[in-house]
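Throughout, protein chains are lettered first and strands after them, A, B, ... in sequence-line order, and every chain is numbered starting at 1.
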Amino acid sequence: MLDIQSLRRDLAGVAERLASRGFMLDKAEFSRLEIERKLLQTHTQTLQAQRNSSSKQIGAAKARGEDVSAIMAEIAGLGDALTAAETALQALQTELDALLMGIPNLPHESVAVGLSEDDNREISRVGLPRVFDFPVRDHVDLGEKFGLDFETASKIAGARFSLLRGDLARLHRALAQFMLDTHIVNHAYTEVYVPYLVNAESMRGTGQLPKFEDDLFHVPRKDMEKLYLIPTAEVPLTNIVREQIVPREQLPLKFVAHTPCFRSEAGAYGRDTRGMIRQHQFDKVELVQLVEPKDSYATLEALTAHAEAILQALQLPYRKMALCTRDLGFSAAKTYDLEVWLPAQNTYREISSCSNFEAFQTRRMLARFRGENGKPELLHSVNGSGLAVGRTLVAILENHQQADGSVVIPEVLRPYMGGLSALRPATD
RNA sequence: GGAGAGGUGGCAGAGCGGCCGAAUGCGCCUGACUCGAAAUCAGGUAUACGGUAAUCCCGUAUCGUGGGUUCAAAUCCCACCCUCUCCGCCA
């Protein structure tokens with residue numbers, strides 16, 4: 001959520017910055033609501049003040065044993081007027097709030113203005129794509145031999161689910177363990193185990209609701225508020241500080257969690273139907289930091305480097321992209337995507353997305369710390385995947401495949417694999 | 001699933017429908033005393049929104065959440081949420 005003050009102060013300027021990311025703010029509508037809000041709010045509060053002082057007088061008069069009918073008569077119609085005013089104000093607030101909640105974040109000044117993902121800027125490339133002297137197989141063909149089984153998954157659950165067996169399942173687990181351990185030990189994050197089902201309030205906090213309900217799975221409950229399956233651990237991790245004032249000396253908060261993520265992928269029907277690139281359920285190791293505003297851009301760089309460290313350790317070639325204004329997610333002020341090389345697709349594919357949300361999320365959830373002057377200030381939230389486990393598995397299979405169909409397991413994962421150095425097709 | 005207890009400021013803990021944004025204690029901040037500290041004393045110490053650009057001032061709202069009764073609700077009524085204890089069930 002944007003700061004409503006900034007909209008009041010410089011509506012045209014804000015609208016212009018929003019336009020750069022493709023969002024057209026209805027300035028007239030906002031102004032109309034604001035003018036009315038101000039009128040209604042002052043009116044309501046005046047009536048409330050009147051009621052309060054009259055009620056006080058009645059109390060005092062009664063205590064002295066005086067007659068109160070005169071005062072009572074004076075405020076005869078006040079109750080109804082007040083109810084009407086309060087109702088109108090509330091309705092207007094709801095409208096204004098809905099408008100505000102639907103506005104995306106402002107792009108940071110360092111973000112290039114662009115019209116599509118083609119305008120994203122490549123920041124760096126690390127590692128060289130291998131040159132293969134044999135026909136490259138994609139992860140679906142390779143994985144089949146090691147226990148990757150989409151047919152069984154679809155029998156059990158439907159399309160866009162996967163099932164892993166044996167060493168492949170173990171490798172998947174090894175990846176998550178390795179990532180977690182790296183972030184805990186080398187990068188000083190605190191490991192957190194979180195709920196995978198969250199309430200609507202949490203979803204609002206990080207920005208998934210109210211606008212992106214269609215992308216989420218939810219679980220109805222009889223006579224109870226429905227719960228949502230998390231699309232990323234960002235949701236529970238960031239909401240840890242919702243409605244809290246964190247003591248300054250505890251900052252920065254650095255959380256890491258390994259969770260499954262659930263996405264309905266509505267609107268992606270035809271895309272990435274083959275393989276485990278785009279699934280309804282996938283595992284991810286997520287990094288979240290809550291920091292003082294002055295630190296958040298340095299934090300974004302650091303956190304992105306933490307994600308990169310995983311790719312480097314796994315010897316996967318990747319590039320780092322700075323998203324342009326048009327490609328930014330709803331809540332992000334600035335985003336780096338890490339894209340891993342997938343030889344079978346002959347292209348780089350997103351494997352991590354690292355963003356600074358500034359105060360966009362924390363304002364929604366009232367997550368604060370106590371600043372220098374002792375006043376509560378909004379934290380900044382920064383997060384990123386470190387990494388998406390399923391896609392990392394895909395990248396390992398494809399990048400580390402051998403002519404004989406085996407896949408070399410990166411050195412750093414071997415301790416998690418009981419010393420196994422390669423996946424080999426079953427010899428039958 | 002059954003039975004019971006309870007949700008009040010950073011914490012503990014009071015609170016006859018009006019003088020309650022809320023006693024008291026602890027904690028914290030400032031000052032006095034002190035060479036310094038402790039102890040003691042004095043004062044201060046919630047958040048959001050609005051008037052408004054303002055850390056001052058004024059107003060409004062907030063005692064788990066939402067509704068109701070009333071001129072007036074932390075206090076009375078209803079519903080819901082959450083926590084705790086015991087029993088049952090359960091990974």
Side-chain angles (χ1 to χ4, degrees), chain A residues 1-11 13-14 30-31 33-101 193 195-205 219-228 236 239-251 293 359 362-379:
Chain A
M1 188 162 70
L2 295 184
D3 183 3
I4 194 167
Q5 304 289 357
S6 70
L7 285 157
R8 288 180 188 144
R9 262 198 302 275
D10 182 21
L11 186 58
V14 171
F30 177 79
S31 302
L33 289 172
E34 252 302 288
I35 289 166
E36 205 169 326
R37 187 229 93 225
K38 193 159 166 176
L39 233 59
L40 264 174
Q41 184 168 354
T42 48
H43 176 59
T44 305
Q45 293 188 348
T46 307
L47 292 181
Q48 286 170 330
Q50 219 170 88
R51 178 205 57 198
N52 288 347
S53 76
S54 296
S55 293
K56 236 167 219 177
Q57 283 175 41
I58 291 172
K62 277 200 169 169
R64 291 191 301 265
E66 294 170 9
D67 177 50
V68 295
S69 57
I71 314 173
M72 296 283 267
E74 214 173 278
I75 54 169
L78 194 82
D80 289 341
L82 188 56
T83 305
E86 279 173 343
T87 308
L89 179 62
Q90 200 174 17
L92 198 86
Q93 280 300 6
T94 306
E95 217 179 322
L96 197 58
D97 214 51
L99 178 76
L100 210 59
M101 289 291 268
Y193 173 80
Y196 302 158
L197 292 167
V198 302
N199 56 34
E201 211 28 61
S202 295
M203 286 295 188
R204 255 193 296 279
V219 182
R221 292 188 298 173
K222 198 169 183 288
D223 300 330
M224 273 198 268
E225 205 191 344
K226 70 179 167 190
L227 294 176
Y228 294 84
N239 274 281
I240 288 173
V241 293
R242 172 150 56 88
E243 286 153 47
Q244 276 209 343
I245 300 177
V246 180
R248 192 146 177 256
E249 57 273 16
Q250 283 178 21
L251 299 175
T362 53
R363 183 174 295 113
R364 289 173 166 233
M365 59 176 82
L366 223 61
R368 296 165 295 172
F369 72 103
R370 221 169 267 288
E372 303 238 34
N373 57 4
K375 289 288 159 202
E377 277 179 55
L378 293 169
L379 289 159

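Between K38(A) and rG51(B), a side-chain N or O to OP1/OP2 separation shorter than 4.0 Å is present. Using a 4.0 Å cut-off, some side-chain N or O of Q5(A) falls inside it from OP1 or OP2 of rG50(B). For R370(A) and rG10(B), the shortest distance from a side-chain N or O to OP1 or OP2 is not below 4.0 Å. Contact between the side-chain N/O atoms of R8(A) and the OP1/OP2 oxygens of rG50(B) is found at a separation under 4.0 Å. Using a 4.0 Å cut-off, some side-chain N or O of N52(A) falls inside it from OP1 or OP2 of rA61(B).
Taking the C1' atoms as reference points, rA72(B) lies 24 Å from rA79(B), given to the whole Å. As rounded to the nearest Å, rA74(B) and rA42(B) have P atoms that lie 31 Å from one another. With both ends at atom P, the span from rG64(B) to rU52(B) equals 34 Å, rounded to whole Å. Comparing the same atom, P, in rC87(B) and in rC29(B) gives a spacing of 45 Å after rounding to whole Å. Between rU24(B) and rA14(B), the distance separating the two C1' atoms is 7 Å to the nearest Å. Only the C1' atoms considered, rG1(B) is 38 Å distant from rG10(B), to the nearest whole Å. Using atom C1' as the reference point in both rC11(B) and rU45(B), the two lie 14 Å apart (nearest Å). Of the C1' atoms belonging to rC82(B) and rU30(B), the separation is 39 Å, rounded to the nearest Å.
Here rU47(B) is the nucleotide among rG50(B), rA72(B), rU47(B) with the atom lying nearest to any side-chain atom of I245(A). Nearest to the side-chain atoms of P376(A) among the listed nucleotides rA48(B), rG50(B), rG67(B) stands rA48(B). For A49(A), whose side chain is taken as the heavy atoms from C-beta onward, the closest listed nucleotide among rC71(B), rG59(B), rA61(B) is rG59(B). In this structure, the nucleotide among rA61(B), rG18(B), rU47(B) sitting nearest to the side chain of R51(A) is rA61(B). Closest to the side chain of K56(A), out of rC19(B), rC71(B), rC49(B), is rC19(B).
Distance R368(A) CZ to rU47(B) P: 8 Å, rounded to the nearest Å. Atoms CG (L40(A)) and C1' (rG51(B)) sit 15 Å apart, rounded to a whole Å. To the nearest angstrom, C1' of rA72(B) lies 13 Å from CD of E86(A). Atom CG of L378(A) is separated from atom C1' of rC49(B) by 14 Å (rounded to the nearest Å). Q48(A) places its CD atom 12 Å from the P atom of rA72(B), with the value rounded to the nearest Å. A straight line from CG of L7(A) to P of rG50(B) spans 12 Å, rounded to a whole angstrom. Rounded to a whole Å, the CD atom of Q45(A) is 8 Å from the P atom of rU60(B). Counting to the nearest Å, the P atom of rG68(B) and the CG atom of L82(A) are 12 Å from each other.
Across the strands present, rC57(B) finds its partner in rG51(B); the criterion is a Watson-Crick or G-U wobble pair with both atom distances under 3.5 angstrom. Using the Watson-Crick or G-U wobble rule with both distances under 3.5 Å, rG21(B) pairs with nothing in any strand shown. Pair assignment for rG43(B): rC29(B), on the basis of Watson-Crick or G-U wobble contacts that are both within less than 3.5 Å. Base pairing of rU70(B): no nucleotide in any strand meets the Watson-Crick or G-U wobble criterion (both distances under 3.5 Å). Remark: rC16(B) base-pairs with no nucleotide in the shown strands. Criterion, Watson-Crick or G-U wobble with two distances under 3.5 Å. In this structure, rA5(B) and rU83(B) make a Watson-Crick or G-U wobble pair, each of the two defining distances being under 3.5 angstrom.
Using a 3.5 Å distance cut-off with no hydrogens or angles, the side chains of S202(A) and N199(A) do pair a donor with an acceptor.
The backbone N or O of M1(A) sits less than 3.5 Å from a side-chain atom of R363(A), completing a donor-acceptor pair. Side-chain atoms of T362(A) never come within 3.5 Å of backbone atoms of L378(A) as a donor-acceptor pair (strictly under, hydrogens ignored). The closest donor-acceptor contact from the side chain of R368(A) to the backbone of K375(A) lies at 3.5 Å or more, if one exists at all. When atom types are taken as modelled, the side chain of R37(A) and the backbone of L92(A) share no donor-acceptor pair closer than 3.5 angstrom.
Other residues, nucleotides and ligands place more than 12 heavy atoms under 6.0 Å from the CD atom of E66(A).
Comparing M72(A) and Q93(A), the nucleotide of RNA chain B nearest to each residue sits closer to the 5' end for Q93(A). Between I75(A) and R37(A), it is R37(A) whose nearest contact on RNA chain B lies nearer the 5' terminus.
Residues N239(A) and V198(A) have side chains not in contact (no heavy-atom distance under 4.5 Å, counting atoms from C-beta outward). Side-chain atoms of L227(A) and Y196(A), non-hydrogen and from C-beta on, never get closer than 4.5 Å to each other.
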